[in-house]
Amino acid sequence: MNEEEMRKRLEALRIEHRDLDAAIDALSGGGSSDQLQIARLKKRKLKLKDQIAMIEDYLIPDIIA
């Protein structure tokens, strides 16, 4: 995967992360008692966050000053 593809993947992951956040808020605020579904969405969101961090670390390496 080249850098351009990684940047596109990163943007797609960020969009999905935001969408999951909105879905979790909607389920939580809507009086829904489907805690299992909310937990699954939160778990997926955490996985996405890890993937985003991994790609960001690759694209923006730490520079020791």
Side-chain angles (χ1 to χ4, degrees):
M1 188 182 290
N2 64 27
E3 188 174 324
E4 184 62 30
E5 291 171 338
M6 290 185 85
R7 291 189 187 280
K8 287 180 183 178
R9 176 73 177 143
L10 181 61
E11 185 59 30
L13 290 172
R14 286 180 175 157
I15 290 169
E16 187 177 352
H17 189 268
R18 273 194 308 265
D19 291 346
L20 282 173
D21 200 28
I24 290 167
D25 287 344
L27 283 174
S28 298
S32 175
S33 62
D34 192 359
Q35 296 300 318
L36 182 59
Q37 181 65 20
I38 292 171
R40 287 179 180 156
L41 292 175
K42 286 182 177 182
K43 187 174 183 179
R44 174 69 180 145
K45 188 177 164 190
L46 285 173
K47 286 182 182 180
L48 287 174
K49 185 177 179 182
D50 290 343
Q51 289 177 356
I52 289 169
M54 186 176 62
I55 293 174
E56 285 175 340
D57 288 346
Y58 180 80
L59 291 175
I60 308 166
D62 291 338
I63 298 174
I64 299 173

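For this chain, numbers begin at 1 and follow the sequence in order. Keep in mind the model is a prediction, meaning the values are calculated, not measured.
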- With the 4.5 Å side-chain cut-off for hydrophobic clustering, are Leu36 and Leu41 part of the same group?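 Looking at the clustering, Leu41 is in a separate group from Leu36.
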- Nearest heavy-atom neighbours spanning Met6 and Ile55: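 Closest pair (atom of Met6, atom of Ile55, distance): O-CG2, 3.9 Å.
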Straight-line distance of [X] [atom1] to [Y] [atom2], nearest 0.5 Å:
X	Y	atom1	atom2	answer
Ile60	Leu10	CD1	CG	8.0 Å
Ile52	Glu16	CD1	CD	8.5 Å
Arg40	Leu27	CZ	CG	12.5 Å
His17	Leu13	NE2	CG	9.5 Å

- Ignoring hydrogens and angles, tell me if any N or O in the side chain of Glu5 forms a donor-acceptor pair with the backbone of Asn2 under 3.5 Å.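 Yes, the answer is positive, given that a donor and an acceptor are paired below the 3.5 Å cut-off.
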- Item | For Leu46, all residues meeting side chain to side chain contact (heavy atoms under 4.5 Å, CB included), sequence neighbours excluded |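 By the side chain to side chain contact (heavy atoms under 4.5 Å, CB included) rule, Leu46 matches no residue at all.
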- Query: Got a sec, which residues hit side chain to side chain contact (heavy atoms under 4.5 Å, CB included) with Asp21, two or more places apart in sequence or on another chain?
  - Reply: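 Only Asp25, Lys45 meet the side chain to side chain contact (heavy atoms under 4.5 Å, CB included) criterion with Asp21.
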- Message: Let's go through Arg7 and Glu3 carefully: what are the C-alpha distance in whole Å and the side-chain angles of both, what is the deciding distance for salt bridge (Lys or Arg N to Asp or Glu O under 4.0 Å) to 0.1 Å, and is it a yes or a no?
- Response: CA-CA 6 Å; Arg7 291 189 187 280; Glu3 188 174 324; 2.8 Å; yes
- Selection residues 48-59 - residue pairs positive for side chain to side chain donor-acceptor pair (under 3.5 Å), sequence neighbours left out: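 Residue pairs passing side chain to side chain donor-acceptor pair (under 3.5 Å), neighbours aside: Arg14-Glu56.
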- Task: Kindly indicate whether the side chain of Leu48, heavy atoms from C-beta on, has any atom under 4.5 Å from the side chain of Arg44.
- Result: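 They are in side-chain contact.
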